[in-house]
Protein chains: 2
Amino acid sequence: MTRPDCRSKLMEVGTQLFAERGLNGVSIRELSHEAGASISMVSYYFGGKEGLYSAVLQEQFACFDQIGEIMEQHAGPVDKIEAYIRWTIQRHRNNPHLLRFYTSELTNPTTYFPRIVAPAIGKVIRILVKVVEEGIRERVFRQDAHAVNAVLALAGMVNYYFLSTLATEDLISHSPDQDEQLIHQYREIFTRGILASAP
Amino acid sequence: MTRPDCRSKLMEVGTQLFAERGLNGVSIRELSHEAGASISMVSYYFGGKEGLYSAVLQEQFACFDQIGEIMEQHAGPVDKIEAYIRWTIQRHRNNPHLLRFYTSELTNPTTYFPRIVAPAIGKVIRILVKVVEEGIRERVFRQDAHAVNAVLALAGMVNYYFLSTLATEDLISHSPDQDEQLIHQYREIFTRGILASAP
DNA sequence: AATTGCAAATCGAACGTTCGTTTGAAGTCA
DNA sequence: TGACTTCAAACGAACGTTCGATTTGCAATT
């Protein structure tokens, strides 16, 4: 049997608490107590409270590196859009904390925003903009579409859904089946809208 | 000449600082100093730091009461959707702080979330769901549309746009003209999608 | 018109608490 | 033994609040 591993336990508890209440909403006293460790362990392993937060943030946003490969596995703008939706939904399912760090850093940026968060988000947005521009060029998407606005709309649609569930968790139960429905719904709204007839 | 009015000055500075850094990111020492008042004034007028935050929050979310009248001034689902988009955009233009309180409370709710924030958001969502359901019933919207998901998608689209501008304010300059373009874009994406041809 | 009286407003100091960090000693394992 | 962990205690700083004293604004009184 392995040791309880104080360091990773601090990461685990830090992730949970920082996600729920933000950097300033958590004291290292409560955090270390929750982890069953002494207060000094945070400074010992991470150089301080902010160091732990920084480590947690880096771990949370590491998955954004995948987006490049994910996109390459699909051809054509519409398929890539669906791939992005699917990837985002699975990301939120696999890690329910990520969205909190995401929006919390967007809304009230810490000093780590420029180094960790902004590049991660920027990378995804930039790739998606290229996808939409590709779609416009190939005349799959409308010629009057504004690529940046469209991408922000898409990202907003998908992320905001989960943001809503954070506050009203009772509203939406989830199963793999319902996720497929959700993916379908959002792809349809983004590509075809919700009008019954074509203009 | 009127008095500097310590109380309203505290509200003003409190709005600014709480929006930027959240409830726990601001000390009443810094806040009162910024307002040119003594530390004790916060407790005197608002009963404490949390009292000031609560007052600011209530003021910020008061505008959500308008949504009912706004909707009644428009007939038909599509027009009502556009009215919502326009109302939301103008709300963010008139008050650049609101969105930060909005997402901050969604992500890391304070004790005031259930009393102030949730009812305000819930009211808007509920009204929009009725609009979409009306549209489905009247066969203006697609029969397979999921009303709640559609509304969350719409709200996400519009709000997320401004959330993005919070982090990268350089990206998007704004003028009334560009706002009209934005309203048009988002209404089109929501109702018609961005596909070049109808399916 | 000037003076008085009083409640509201404002202040700076002080309080007790909690914060994040540091420290030196004790424990653990190879 | 020696390097790595862990701990409890202590530190100074910052926190939000309270308190008594002072100032201010205005209505009542002279």
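Every chain is numbered from 1 and lettered A, B, ... according to where its sequence line falls, protein lines coming before strand lines.
The minimum heavy-atom distance between A:Asn159 and A:His92, with the atom names listed, is OD1-NE2, 3.0 Å.
Contact annotation: A:Tyr44 does not reach the phosphate of D:dC4 (side-chain N/O to OP1 or OP2, under 4.0 Å).
Regarding A:His33, its NE2 atom lies at a distance of 12 Å from the P atom of D:dC7, rounded to whole Å. Atom NZ of A:Lys9 and atom P of D:dT5 are 19 Å apart (whole Å). Between the CD1 atom of B:Ile28 and the P atom of D:dT17 there is a distance of 6 Å, rounded to whole Å. Atom NZ in B:Lys49 sits roughly 15 Å away from atom P in C:dT18 (whole-Å rounding). Rounded to whole Å, atom P of C:dT21 lies 13 Å from atom CG of A:Leu10. As a whole-Å value, the separation of B:Asn24 CG from D:dG16 C1' is 12 Å. Taking atom CD of B:Glu50 as the reference point, atom C1' of D:dC15 lies 13 Å away to the nearest angstrom. Distance B:Asp5 CG to C:dT10 C1': 13 Å, rounded to the nearest Å.
Ring orientation note: the planes of A:Phe64 and A:Tyr102 are close to parallel, at an angle under 30° on the 30°/60° scale.
Each of D:dG16, D:dC11, D:dT6 was ranked by its minimum atom distance to the side chain of B:Arg29; first place goes to D:dG16.
Each of A:Ser40 and B:Met41 was matched to the nucleotide of DNA chain C holding its nearest heavy atom; the match closer to the 5' end belongs to B:Met41. When the nearest nucleotides of DNA chain D are assigned to A:Ile39 and B:Val26 by heavy-atom distance, the more 5′-ward of the two goes with A:Ile39.
Look at B:Arg86 and B:Glu82 and you find a salt bridge, because one of the NZ, NE, NH1 or NH2 atoms lies within 4.0 Å of a carboxylate O, short of that distance.
Under 3.5 Å, the side chains of B:Gln16 and B:Glu12 contain no donor-acceptor pair of N or O atoms.
Looking at A:Ser27, its side chain has no donor and acceptor atom pair within 3.5 Å of the base of C:dG20.
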